[in-house]
Amino acid sequence: MTKYDPHAIETKWQQTWESEGLYSVSEDASRPKKYVLEMFPYPSGDIHMGHVRNYTIGDVIARHATMSGFNVLHPIGWDAFGLPAENAAIKSNSHPATWTYANIETQAASFRRMGFSYDWDRAVRTCDPEFYRWGQWIFLKFWERGLVERKSSPVNWCPSCKTVLANEQVIGEGVCWRCKSAVEKRELEQWFLKITEYAQELLDDLDTLKGWPERVKAMQANWIGRSEGAEVEFTLCDAAGEPTEQRITVFTTRPDTLFGCSFFLLAPEHPLLSQLVAGTQFEQDVRGIVEMAAKETSVERSSSDRPKRGAFTGRYVLNPVNGEKVPVWVADYVLMEYGTGAVMAVPSGDQRDFDFARHYGLAIPPVVLAEDDPLLDALAGKKARVLSDVDWPGAFDAEGVLVQSGEFTGMRGGKKSEAMHAVTAWLAERRLGRETVNFRLRDWLISRQRYWGNPIPAIHCPECGLVPVPEDQLPVVLPLDVDITKGETLADHPEFYETTCPKCGGAAKRETDTMDTFTCSSWYFLRYCDARNDSAPFDPAKVGYWMPADQYIGGIEHAILHLLYSRFYTKVLRDAGMCSFDEPFTNLLTQGMVKLDGATMSKSRGNVVAPEDIIARYGADTLRAYILFMAPPDKDLEWSHEGLEGMWRFLNRAWRLVEEIADETVGGSGVAAAGGPAAVALRRATAASVSKCGDDIARFQFNTALSAIMEFVNAAYDYRRDVPEGMRDLALLRGVATDLTRLLAPFAPHMAEELWRVVLAEPGSVHRGGWPDFDAAALESDEVELPVQVNGKVRDQVTVAADACDEDIVAAALALPNVVAHISGKTVRKVVVVPGKLVSVVVG
RNA sequence: GCCCGGGUGGCGGAACGGCAGACGCGGGGGUCUCAAAAACCCUUGUGGGAAACCACGUGUGGGUUCGAAUCCCACCCCGGGCACCA
């Protein structure tokens, strides 16, 4: 008998698997495919417990699928561009490439030590020209399709990262997703991908993602922020108050309240504002508001409990439904980024407008009233305005009945109401408005003023304007001789940016911004399908075979960012004819965090348990099994060293069991097909464990899958304790040992392989040996024990034949001593027999 | 404010509407040993009881049901996302 020695066997099998090419895969039409994908890591240095959890989950799913007969693609790679490499290079006086490639080597070595079943031949590193070349190529496809735009707009600037950020990358209270510094707004000309053109489809297709957590879908829907409403055009009056030709459009979700519009608002950034007040007595006050708004950070500006500020512009607009002159104000709570930057204010129906009206003494005419509003007596049916103010404590924004609203008076008002459609139709007939949908989602700002990224393949020509780099000149290679430690970027590198125009041949300047790293992660999963292709990003046939990914696993922090961008890329590539599916990831599993002492493990907090230390002490198999056993994969888990010891004990216990059975069954004497209750119980435990373990892996309940294996081991020990040597059914025990080894294989792949090939001397690899079947008949039993309830409380157990009829069961149940005790002196009113479950007696 | 999760022993966590607490950790007791480690066995929701057994028990309050941790309604607490979004 040998002792379980994880270090000796883990290294041995890792090397053997790699030399045998156990995990290389290719397309195979004869088998069902499964694409198991984990979010690829940023090569930040040593791996941490979050990595261990993420990639172990994927590895168990992949190994189980392979054993179950699937042709499994299970790749790995590195999201290798990004700012931390630049910062680290500056700190260590080296180069981002040196730092990045060294970290990749470190992480790859750790992943090998964890025993992950990757097809290493498909590994990608996004900072390799062989990879980013095709990122540029895809960018040009977007450009061809009109989805690339360079425009000037107020953008998010992170002063610490010294670059702009996409809206999705500003999180929480207006901070940078990476460094958590407060971002600033700057008006800059930048590159955008027009994700808004896909807003509706990105929202609609969330419904098709049955295998995604509700939480993630809700977050994306929230982020896309669709609202139905109408555009309404107001005619601008000149300084003398006479109507002009110019109209200002607003977006509103409540066109039914148009008769309650008592003022009109422009955002401080609205382009029309300065010309409206230029040279007037109102100019100074308006400018005061504009400057105040400009000074504030987005955090301050977006705080809703802060008083709203504004100023009258001296101008008026005409309300299209009644021709009323409405004063135009500037207000700091109106956002230029949302809608049209102009708002029709209806203070009786909108709390913000209400607050503003009260503060500046503006009218608050009621137009929608609740059924029980006392004002209804006075105003019901009144088409013209008779009341211009209310004594309400706040605005009324619920459904109600329209008053003082011309021909619409009496209709039901509210969001998506009868009155809303009627008013919009009325406006549409007169070309003063139309039903429309507005999204919160903004175009994706992808340019970054940083060095370590994928160069944007564009050239600025003084003659031809913006010119795409021709396909045959790709890749635009990121030069490696930039001195990052001096803070240089591509903009400081004439050898890079001095070029000629591909169109006219004249001197031109190459674009020096690089692309957001999220552009790389938006399609790397397609590249895995054909990772070494040097004539295209991928072969559509190969992508067609593997994609969409059947299972995607990663952190919830990408619920919007990476997952939304990847969905967008997929849809664009589909429209470009490069793939034929609508969504990249059929099922999504978002794993929880690994915590210690209630807090996320982090170096700065000093509460880190290093995976490498655990591997060195217990081996990778204990770590793998333990991190899955602690909690369901989507929940946060609290690291416990005692728990880890428990898993170590269990693996040793399982090891000894298989060793002992192997010794016993090689030339041992036993009783062939020995019967008896102990053997029946062990057969049942075997079938139950195999069945439950497989089911639980399929529904990602790895913790209960492992507990099923533990119960199996316990049952085998019970049998060996209860049945003396020489009396044991050796065929049964041999089956227990091989089934147990196979159940362990996804969780503890090295140990299972050693038990399989060496201890049990079975042919081939356990990882190619198939998932065990179970004997359904062994789960059947001649007799069943049913709990008997009296008035809902369990009072006794009745043992009856499995095929007993209800009458016999009831008779037996009512004769049980403790049941008799609880029903004596009472009338049995009803008896419910649930076959195989229980008996429920109702007395009264 | 709106939208998602989640509240079960000392702890991590189990439970197709059917014996709440599987499995593991921790605790208590024991076997083996000169002793210890390892391993193995018994025990472990709370209260009462020598025991049989009884009562209570899944955040709170109602409801549906023969039967509710599970379904419905109202609420409380915790975590997360969105938010002057018109």
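Predicted, not measured: the structure shown is a model, and the values here were computed from it. Below, chains carry the letters A, B, ... as their sequence lines are ordered, and counting in each starts from 1.
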Tell me the interatomic distance from [X], atom [atom1], to [N], atom [atom2], rounded to whole angstroms.
{"X": "A/Leu644", "N": "B/C23", "atom1": "CG", "atom2": "P", "value": "21 Å"}
{"X": "A/Met336", "N": "B/A86", "atom1": "CE", "atom2": "P", "value": "16 Å"}
{"X": "A/Asp397", "N": "B/C84", "atom1": "CG", "atom2": "C1'", "value": "14 Å"}
{"X": "A/Arg720", "N": "B/C41", "atom1": "CZ", "atom2": "P", "value": "12 Å"}
{"X": "A/Phe629", "N": "B/C25", "atom1": "CZ", "atom2": "P", "value": "8 Å"}
{"X": "A/Lys635", "N": "B/U8", "atom1": "NZ", "atom2": "C1'", "value": "10 Å"}
{"X": "A/Ile556", "N": "B/G81", "atom1": "CD1", "atom2": "P", "value": "9 Å"}
{"X": "A/Leu743", "N": "B/C23", "atom1": "CG", "atom2": "P", "value": "17 Å"}

Between A/Ser840 and A/Leu706, who's closer to the 5' end of RNA chain B by nearest nucleotide?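 Result: A/Leu706.
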Nearest-nucleotide comparison on RNA chain B, the residue closer to the 5′ end among A/Pro787 and A/Thr704: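 Final value for this comparison: A/Thr704.
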If you only use heavy atoms from C-beta on, which nucleotide in [options] is closest to the side chain of [X]?
{"X": "A/Asn818", "options": "B/A86, B/C53, B/C3", "value": "B/C53"}
{"X": "A/Arg649", "options": "B/A15, B/C82, B/G26", "value": "B/G26"}
{"X": "A/Thr252", "options": "B/A83, B/A86, B/C16", "value": "B/A86"}
{"X": "A/Lys837", "options": "B/C16, B/A14, B/C82", "value": "B/C16"}
{"X": "A/Arg795", "options": "B/C82, B/G26, B/A55", "value": "B/A55"}
{"X": "A/Arg653", "options": "B/A83, B/C40, B/C3", "value": "B/C40"}
{"X": "A/Asp350", "options": "B/A22, B/A86, B/G13", "value": "B/A86"}
{"X": "A/Trp223", "options": "B/A83, B/C84, B/G67", "value": "B/A83"}
{"X": "A/Val832", "options": "B/A15, B/C66, B/C84", "value": "B/C66"}

At 4.0 Å (heavy atoms only), tell me whether [X] reaches a base, stays on the sugar-phosphate, or touches nothing.
{"X": "A/Asn438", "value": "nothing"}
{"X": "A/Val842", "value": "sugar-phosphate"}
{"X": "A/Asn791", "value": "nothing"}
{"X": "A/Ser640", "value": "nothing"}
{"X": "A/Asn703", "value": "sugar-phosphate"}
{"X": "A/Gly339", "value": "nothing"}
{"X": "A/Val794", "value": "sugar-phosphate"}
{"X": "A/Arg215", "value": "sugar-phosphate"}
{"X": "A/Asp636", "value": "sugar-phosphate"}
{"X": "A/Arg829", "value": "nothing"}
{"X": "A/Glu711", "value": "sugar-phosphate"}
{"X": "A/His822", "value": "sugar-phosphate"}
{"X": "A/Lys793", "value": "sugar-phosphate"}
{"X": "A/Arg442", "value": "nothing"}

Does [X] make a side-chain donor-acceptor contact with the base of [N], cut-off 3.5 Å?
{"X": "A/Gln797", "N": "B/C19", "result": "yes"}
{"X": "A/Glu642", "N": "B/G24", "result": "no"}
{"X": "A/Lys308", "N": "B/C84", "result": "yes"}

A/Arg720 vs A/Glu660, salt bridge (Lys or Arg N to Asp or Glu O under 4.0 Å): CA-CA, chis, key distance, verdict: CA-CA 10 Å; A/Arg720 292 173 55 79; A/Glu660 285 168 13; 3.1 Å; yes
Ignoring hydrogens and geometry beyond distance, is a side-chain donor-acceptor pair present between [X] and [Y] at under 3.5 Å?
{"X": "A/Glu228", "Y": "A/Thr253", "answer": "no"}
{"X": "A/Thr704", "Y": "A/Asp696", "answer": "yes"}
{"X": "A/Asn714", "Y": "A/Arg653", "answer": "yes"}
{"X": "A/Glu659", "Y": "A/Tyr4", "answer": "no"}

Centroid-centroid distance, A/Trp329 to A/Phe264, less than 6.0 Å: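 When the ring centroids of A/Trp329 and A/Phe264 are compared, they turn out to be at least 6.0 Å apart.
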Can you tell me how far [atom1] in [N] sits from the matching atom in [M], rounded to whole Å?
{"N": "B/A50", "M": "B/C32", "atom1": "C1'", "value": "32 Å"}
{"N": "B/C56", "M": "B/G61", "atom1": "P", "value": "14 Å"}
{"N": "B/A69", "M": "B/A20", "atom1": "C1'", "value": "8 Å"}
{"N": "B/G1", "M": "B/C75", "atom1": "P", "value": "12 Å"}

Are there more than 12 heavy atoms of other residues, nucleotides or ligands under 6.0 Å from atom NZ of A/Lys826?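 Check fails, neighbour count at 12 or below.
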Is [N] paired to anything, Watson-Crick or G-U wobble with both distances less than 3.5 Å, and if yes, which nucleotide?
{"N": "B/A39", "result": "B/U31"}
{"N": "B/C82", "result": "B/G1"}
{"N": "B/C16", "result": "none"}
{"N": "B/G47", "result": "B/C54"}
{"N": "B/C75", "result": "B/G59"}

Can you see if the side chain of A/Ser227 gets near the phosphate of B/A86 - specifically, an N or O under 4.0 Å from OP1 or OP2?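 A/Ser227 to B/A86 OP1/OP2: side-chain N or O found under 4.0 Å.
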Is the glycosidic torsion of B/G10 within 90° of 0, making it syn, or is it anti?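 Classified anti.
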ring-ring contact (aromatic ring centres under 6.0 Å, His included) partner of A/Tyr626, the single match among A/Phe650, A/Trp648, A/Trp639, A/Phe702: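 Per the ring-ring contact (aromatic ring centres under 6.0 Å, His included) rule, the option paired with A/Tyr626 is A/Trp639, out of A/Phe650, A/Trp648, A/Trp639, A/Phe702.
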Donor-acceptor pair, distance only, cut-off 3.5 Å: does the side chain of A/Tyr333 make one with the backbone of A/Phe356?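 Absent.
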